[in-house]
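One structure below.
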Number of protein chains: 2
Amino acid sequence: MVKKEKVTIKMVADEAGVSKSTVSRVISDYPDISDDTKKKVREVMKKLNYHPSAIARSLANRISKNVGLVLPSDEDFFLNPFFQESLRAIAITASSRGYDTMLVYNDKDETTAINRLVSANKVDGMILMRAIVNDKSIQYLKENKVPFVLIGNSLENKDIYSVDTDNFKACQELTRILVENGCKKIGFIGGDKNSVVTLDRLKGYMSVVKEKNLYNDKTMIQENEFTKLNGYRSIEKILSDNEDIDGMIVTDALIFRGVVDYLTEVNYGKDIILGTFGAEHQLGYDDRFKVFNVDVQCMKMGQASCNKLIDMLDGQKVNKMDIIDYKIM
Amino acid sequence: MVKKEKVTIKMVADEAGVSKSTVSRVISDYPDISDDTKKKVREVMKKLNYHPSAIARSLANRISKNVGLVLPSDEDFFLNPFFQESLRAIAITASSRGYDTMLVYNDKDETTAINRLVSANKVDGMILMRAIVNDKSIQYLKENKVPFVLIGNSLENKDIYSVDTDNFKACQELTRILVENGCKKIGFIGGDKNSVVTLDRLKGYMSVVKEKNLYNDKTMIQENEFTKLNGYRSIEKILSDNEDIDGMIVTDALIFRGVVDYLTEVNYGKDIILGTFGAEHQLGYDDRFKVFNVDVQCMKMGQASCNKLIDMLDGQKVNKMDIIDYKIM
DNA sequence: CTGAAAGCGCTTACAG
DNA sequence: CTGAAAGCGCTTACAG
């Protein structure tokens, strides 16, 4: 077997009897190259099994063909199925458009990881997978004029590109459904208080509580982390303070699992109607419970955010904010 | 505010009154540069907020400082919490060693995605997150002499670098525990038959079944996909064919959830002892069940695989195979 | 429609 | 201990 050597543009050019410039142009599929030479060059490329070096291209034209994915570094948050599924959708979408995906784990108050990717020119743009209150990453990306799209909603930055669920409306609708099903006293369990998603959903819930004049007590609202344990403890706490609760809003699949665990343990069933965020397959509960869930369609979100970023990089005009529809079932 | 311009090595060199070569050498921390100039150059770099272009470095020295992560593209498989947790460990480990992580989703019988990353020089090495029978990716990486480490076990390739759980032994131990707890007739539910993990665990189970001369019927063994639904249907099938089953081995957290769902529905409890793979927090079940689980410690696996790959890239000597210990509880 | 040449921002023998 | 120069493999005005 012949020793493999990296095939370069030079070798293709020589073999095809044209200049490097010409080869370069057929790589990029320039319109003003004659069909004949295009064809010839392509044949040679195939014959030589030539693949342009992305690195060299990047250096020459400052385009990396990489998108950066910014994930929360807090374990609890990341364990959320939402991330796993969006991440997959993003990577697959990127790939289908000729981009590769780079991962960054980002701390709440640090931008060093992001900074590294950006200043090393490793990515053309970024996707942020959550927004927290007073988000440093968003600040950084704006200041450095890095193209990015946020999955979520930033309270402080309304002029950025984003893709989001209408969490206020979704949670409002969900709460109303519980009311229509007879609930008089509805509790709320959310994730991290600094997470904008939690806040938006809380507002939706509150709006119905006020509108319908439902009984309302602070002990009915718990916000902590995005964990199963939090769900377990929060529902325990709420029930011990409010025996007569007949409905619960839960903002997250992981938390929901903890809630179901506790309710199963103490033998609750349909006495409490549950409204939760999360797709059916992420939840896990059985017939003993009555559950309404809003599916925010993370696959769609991931896809939309990635397409939006790449459209931006392509210089296309895109909306500032896109709202992805949810499904309540 | 001054318009931001990319700071290059040239500008640092000029400002510090040295040559580009020298700056380059202090970037790489060469030993034979005088402390004085090192210090001076570093000051200038900081003052100018200089960050070397990773792209340019890559082109010059053919090192990308990226590791590629090869994930299964089949949705079912990927949804497994195992991947999510290993992935995070890998990305964090890579980052701590100055590497960034690139994602590739790979089809069973295709190597195009991998090929793209490799031939474009975007990565220095790869981590494969599973092995299937007759794995094309492994073949490809071997042939192209791409450094890689496999998380798992390849039946056909014993000469590659890998990190794995001793799945045979773990499943053997798990099955024995069920026997010690009085089980006489133990079923088995696994994931994809083409997945080596499933095969290894099945062998461990079978070895005990034979050793202890347990009743053994093909209808007690189900292998399908890595999904919750599969768990649900498989246990249903097994129970309908074998009413007197008193133990079940389940190879996967997601499948386990389906099993628990079904058993809950039909009001089974401690009559069947469950042995499963998956960490406590991935499982989700309650006191009604008696469960033993083997935690393969995915964080450790991810970490070990990434460190191993980077050690290899650094030219260090590493073991061919590393076995990560598991915990049964 | 195509080519020669400069340039992208680094690294690294080589020479001193 | 340090510098000048060539080179990594592309792209892209510019000229024809």
Side-chain angles (χ1 to χ4, degrees), chain A residues 4-42 44-45 48-66 98 116-124, chain B residues 4-42 44-45 48-66 98 116-124:
Chain A
K4 270 183 201 175
E5 236 191 301
K6 175 76 192 167
V7 183
T8 70
I9 200 171
K10 179 79 169 52
M11 297 161 75
V12 176
D14 289 351
E15 180 79 16
V18 296
S19 73
K20 291 189 300 174
S21 324
T22 302
V23 177
S24 174
R25 288 188 185 105
V26 351
I27 291 172
S28 312
D29 204 19
Y30 264 52
D32 55 353
I33 295 280
S34 78
D35 287 349
D36 272 5
T37 54
K38 256 188 193 169
K39 200 177 143 210
K40 188 175 50 183
V41 171
R42 290 213 172 104
V44 175
M45 297 199 303
L48 264 44
N49 190 27
Y50 168 71
H51 296 274
S53 156
I55 298 298
R57 296 193 80 176
S58 290
L59 182 58
N61 67 9
R62 10 220 66 238
I63 290 172
S64 70
K65 286 275 183 182
N66 289 152
R116 197 172 82 187
L117 274 199
V118 169
S119 48
N121 287 316
K122 278 189 166 185
V123 297
D124 298 332
Chain B
K4 271 183 198 174
E5 237 192 300
K6 174 77 192 166
V7 183
T8 70
I9 200 172
K10 179 80 169 56
M11 298 161 74
V12 176
D14 289 351
E15 180 79 17
V18 296
S19 72
K20 291 190 299 173
S21 325
T22 302
V23 176
S24 174
R25 289 190 184 103
V26 349
I27 292 171
S28 311
D29 204 19
Y30 264 53
D32 55 351
I33 295 280
S34 77
D35 287 348
D36 272 6
T37 55
K38 257 189 192 167
K39 198 176 145 210
K40 187 175 52 183
V41 172
R42 291 214 172 101
V44 175
M45 295 199 302
L48 264 45
N49 190 28
Y50 168 71
H51 295 274
S53 156
I55 299 299
R57 296 192 80 175
S58 289
L59 183 58
N61 67 8
R62 12 220 63 239
I63 291 172
S64 69
K65 285 277 182 180
N66 289 152
R116 197 173 81 187
L117 274 200
V118 169
S119 46
N121 287 316
K122 278 190 166 184
V123 297
D124 297 334

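What you are looking at is a predicted structure, and each value in this text was computed from that prediction instead of being measured. Residue numbers begin at 1 in each chain, while the letters A, B, ... track the order of the sequences. Computed from heavy atoms alone, side chains included, the values below leave out hydrogens, waters and symmetry copies.
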Please tabulate the protein-to-nucleotide N/O contacts below 3.5 Å involving nucleotides 8-11 of chain C, giving atom names and distances.
from	atom 1	to	atom 2	distance (Å)
C:dC8	O3'	A:Arg62	NH2	2.6
C:dC8	O2	A:Ala60	N	3.4
C:dG9	OP1	A:Arg62	NH2	3.0
C:dG9	N2	B:Ala56	O	3.4
C:dC10	OP1	B:Tyr50	OH	3.0
C:dC10	OP1	B:Ser53	N	3.3
C:dC10	OP2	B:Ile9	N	2.7
C:dC10	O5'	B:Tyr50	OH	3.1
C:dC10	N4	B:Lys20	NZ	3.2
C:dT11	OP1	B:Arg57	NE	2.6
C:dT11	OP1	B:Arg57	NH2	3.0
C:dT11	OP2	B:Ser24	OG	2.2

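Here A:Ser19 does not reach the OP1 or OP2 of C:dA4: none of its side-chain N or O atoms lies under 4.0 Å away. In terms of phosphate contacts, B:Ser34 brings no side-chain nitrogen or oxygen within less than 4.0 Å of OP1 or OP2 of D:dC1.
Of all heavy-atom pairs spanning A:Val7 and A:Asn49, the tightest one is CG2-O, 4.4 Å. The two residues B:Leu48 and B:Glu15 have their closest heavy-atom pair at CD2-CB, 4.3 Å.
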Yes or no on side-chain contact (heavy atoms from CB on, under 4.5 Å) for A:Thr37 and A:Val26, after CA distance, side-chain angles and deciding distance? CA-CA 9 Å; A:Thr37 54; A:Val26 351; 5.8 Å; no

Go through it in stages, so that I can follow the logic: the residues are A:Lys122 and B:Lys65, the test is side-chain contact (heavy atoms from CB on, under 4.5 Å), and I'd like the CA-CA distance, side-chain angles, deciding distance and then a yes or no. CA-CA 10 Å; A:Lys122 278 189 166 185; B:Lys65 285 277 182 180; 4.0 Å; yes

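Between the CG atom of A:Asp32 and the P atom of C:dT2 there is a distance of 9 Å, rounded to whole Å.
Nucleotides D:dG16 and D:dT12 have their C1' atoms positioned 16 Å apart, rounded to a whole Å. D:dC14 sits 24 Å from D:dC10 when the P atoms are compared, rounded to a whole Å.
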Given Watson-Crick or G-U pairs with both distances under 3.5 Å, what dot-bracket string fits DNA chain C, with | for other-strand pairs and [ ] for crossing? |||.||||||||.|||

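Residues satisfying the side chain to side chain contact (heavy atoms under 4.5 Å, CB included) test with B:Arg62, not counting sequence neighbours, are none.
In this structure, B:Thr37 reaches the sugar-phosphate backbone alone: every heavy-atom distance under 4.0 Å involves primed, P, OP1 or OP2 atoms, never a base.
The salt bridge (charged side-chain N to carboxylate O under 4.0 Å, His left out) test with B:Arg42 is passed by exactly one of B:Asp35, B:Asp29, B:Asp36: B:Asp29.
One side chain, A:Ser19 or A:Thr22, offers a donor N or O that lies under 3.5 Å from an acceptor on the other.
The CG atom of B:Leu59 lies 9.5 Å from the OG atom of A:Ser58; values are rounded to the nearest 0.5 Å.
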